[in-house]
Undergrad: 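I'd like to ask some things about the structure below.
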2 protein chains.
Amino acid sequence: MFVIDNSSKTPIYEQIKTQILALVSSGVLKPGDKLPSLRSLSSSMSLNINTIKKVFSELENDGVIISVLGSGSYVSDNAVRNPKILEKAENELTEALRSAKSVGVTKEEVLSLVEKIYEEEIR
Amino acid sequence: MFVIDNSSKTPIYEQIKTQILALVSSGVLKPGDKLPSLRSLSSSMSLNINTIKKVFSELENDGVIISVLGSGSYVSDNAVRNPKILEKAENELTEALRSAKSVGVTKEEVLSLVEKIYEEEIR
DNA sequence: ATAAGTGTGCTATCTGAGATAGCACACTTT
DNA sequence: AAAGTGTGCTATCTCAGATAGCACACTTAT
């Protein structure tokens with residue numbers, strides 16, 4: 001279902017969260033769409049159900065999905081370009097930019113990197 | 001000496017490392033300059049000496065400083081725009097850019113953020 | 001109605017990274 | 001000789017992340 005890098009220092013639940021957000025932003029998952037159940041996801045990914053629970057509860061707290069007891073979890077109406085998610089992404093980008101600048105990466109190098117990233121096709 | 005945010009998820013040793021790198025890149029610390037000793041740094045910052053040891057050993061491994069037994073630690077000759085450091089910064093920036101893009105941040109928003117960051121004066 | 005499937009809410013345990021603590025050693029500087 | 005320096009250990013503590021298991025409340029499918 002999702003790709004997990006166990007050697008990454010980024011926690012598994014963050015990796016899954018990121019990938020679900022990407023699916024929502026790219027339109028693969030649309031508002032109202034039903035997500036896989038906690039149990040099916042955790043078993044298919046060989047992860048503990050609590051790990052998936054954490055992903056879903058954070059996504060719900062961010063307003064990206066809505067979980068309904070007994071029924072399932074669904075993409076919320078205002079999931080696309082969600083304010084909390086956008087702000088977090090921008091904050092992280094700001095930190096990375098400040099860090100790069102402080103270490104001597106030039107503005108030109110950054111701009112060319114931005115061009116390159118935004119030319120990449122979405123996988 | 002350095003500013004530590006204990007609430008940050010970034011480890012203390014990483015925070016110090018980042019700030020030393022900034023001092024080197026900005027020219028406050030020049031090649032050949034002597035760094036404070038492990039013991040003086042750890043005691044003045046109320047941190048364990050092992051935490052500072054980790055900072056210095058990583059910086060030495062990156063080629064930014066050189067530690068001399070019995071004498072002290074010194075900024076190395078090729079510390080400015082050090083390849084390993086630049087590559088790490090660019091990799092992190094790439095990740096942040098991909099993540100922002102995947103979540104719906106537009107290229108224009110990124111470009112304006114880059115402008116803003118590079119207009120900031122160095123503190 | 002029943003069974004299966006769903007999310008929720010706990011508690012407990014394990015692991016590894018990060019940080020602390022303390023000691024001994026080798027070497028340089030004063 | 002004394003003080004200061006980096007190095008190399010081992011041990012301990014804490015916390016986040018992940019696993020494990022159970023009970024409960026509710027919805028959906030049969």
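Here is how names work: the chains are called A, B, and so on, in the same order as the sequence lines, proteins then strands, and each is numbered from 1.
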Undergrad: Can you tell me the distance, in whole Å, between the NZ atom of A/Lys54 and the P atom of C/dG9?
TA: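 Computing the A/Lys54:NZ to C/dG9:P distance gives 15 Å.
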Undergrad: Using a 4.0 Å heavy-atom cut-off across all strands, classify B/Lys9 as base, sugar-phosphate, or nothing.
TA: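 If one applies the 4.0 Å heavy-atom cut-off, B/Lys9 turns out to touch nothing in the nucleic acid.
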Undergrad: Would you call B/Asp62-B/Lys17 a salt bridge at under 4.0 Å N-O?
TA: yes
Undergrad: Measure CD1/B/Ile52 against P/D/dT5 and give the value in whole Å, please.
TA: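 Going from CD1 in B/Ile52 over to P in D/dT5 covers 14 Å.
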Undergrad: Take atom CG of A/Leu47 and atom P of D/dG21, then tell me their distance rounded to the nearest Å.
TA: 15 Å
Undergrad: Counting only side-chain heavy atoms from C-beta out, which of C/dT20, D/dT19, D/dT7 sits nearest to A/Asn48?
TA: D/dT19
Undergrad: Checking all strands, does A/Glu60 fall into the base, sugar-phosphate, or nothing category for heavy-atom contacts under 4.0 angstrom?
TA: sugar-phosphate
Undergrad: Base, sugar-phosphate, or nothing for B/Ser73, non-hydrogen atoms under 4.0 angstrom?
TA: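 If one applies the 4.0 Å heavy-atom cut-off, B/Ser73 turns out to touch the sugar-phosphate alone, with no base involved.
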Undergrad: In whole Å, what is the span from the CG atom of B/Leu38 to the P atom of C/dT20?
TA: 14 Å
Undergrad: Within the structure, does a side-chain N or O atom of A/Ser40 lie under 4.0 Å from either OP1 or OP2 of C/dG5?
TA: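 No, A/Ser40 has no side-chain N/O under 4.0 Å of OP1/OP2 on C/dG5.
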Undergrad: Run the salt-bridge test on B/Lys116 and B/Glu119 with the 4.0 Å N-O cut-off and return the result as yes or no.
TA: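 Salt bridge: no.
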Undergrad: When the distance from CG of B/Leu41 to C1' of C/dT20 is rounded to whole Å, what number comes out?
TA: 17 Å
Undergrad: Given that both distances must come in under 3.5 Å, which nucleotide forms a Watson-Crick or G-U wobble pair with D/dC22?
TA: C/dG9
Undergrad: If you define the side chain from C-beta out and look only at heavy atoms, does anything of B/Leu35 sit under 4.5 Å from B/Leu29?
TA: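 In short, these two side chains touch, coming nearer than 4.5 Å.
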Undergrad: Taking N and O atoms by type only, does the side chain of A/Lys53 place a donor or acceptor under 3.5 Å from a partner on the base of C/dG9?
TA: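 Under the 3.5 Å cut-off, the side chain and the base do form a donor-acceptor pair.
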Undergrad: Could you please name the option among D/dT27, C/dG7, D/dG21 that lies closest to any side-chain atom of A/Asn50?
TA: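 Among D/dT27, C/dG7, D/dG21, the one nearest the side chain of A/Asn50 is D/dG21.
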Undergrad: What heavy-atom pair brings A/Arg39 and A/Ser42 nearest, and what distance separates the two atoms?
TA: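 In this case the closest contact between A/Arg39 and A/Ser42 is O-OG, 3.1 Å.
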Undergrad: Can you tell which of B/Ile16, B/Leu38, B/Asn61 makes a side-chain contact (heavy atoms from CB on, under 4.5 Å) with B/Phe56?
TA: B/Leu38
Undergrad: If you only use heavy atoms from C-beta on, which nucleotide in D/dG6, D/dG17, D/dA25 is closest to the side chain of B/Leu69?
TA: D/dG6
Undergrad: Does A/Tyr13 place a side-chain N or O at less than 4.0 Å from the phosphate oxygens OP1/OP2 of D/dG17?
TA: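 For D/dG17, OP1 or OP2 has a side-chain N or O of A/Tyr13 closer than 4.0 Å.
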Undergrad: Do B/Lys101 and A/Glu120 sit within salt-bridge range, that is, some charged N less than 4.0 Å from a carboxylate O?
TA: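 The answer is no: the pair does not qualify as a salt bridge.
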Undergrad: Side-chain N or O of A/Ser71 versus OP1/OP2 of D/dC26: is the shortest distance under 4.0 Å?
TA: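 No, outside the criterion.
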Undergrad: Could you state the atom-to-atom distance from CG of B/Leu59 to C1' of D/dG6 in whole Å?
TA: 15 Å
Undergrad: When we call it a touch if two heavy atoms are under 4.0 Å apart, what does B/Ile49 touch: a base, just sugar-phosphate, or nothing?
TA: nothing
Undergrad: Measure from CZ on B/Phe56 to P on D/dG8 and round the result to the nearest Å.
TA: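 My rounded result for the distance is 15 Å.
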Undergrad: Between C/dG7 and A/Arg39, counting only base atoms on the nucleotide and side-chain atoms on the residue, is there a donor-acceptor pair under 3.5 Å?
TA: yes
Undergrad: What is the separation between atom CD1 on A/Ile12 and atom P on C/dG16, rounded to the nearest whole Å?
TA: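 Nearest whole value for this atom pair: 13 Å.
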Undergrad: When you measure from the side-chain N and O atoms of B/Ser37 to the phosphate of D/dG4, is any distance below 4.0 Å, counting only OP1 and OP2?
TA: no
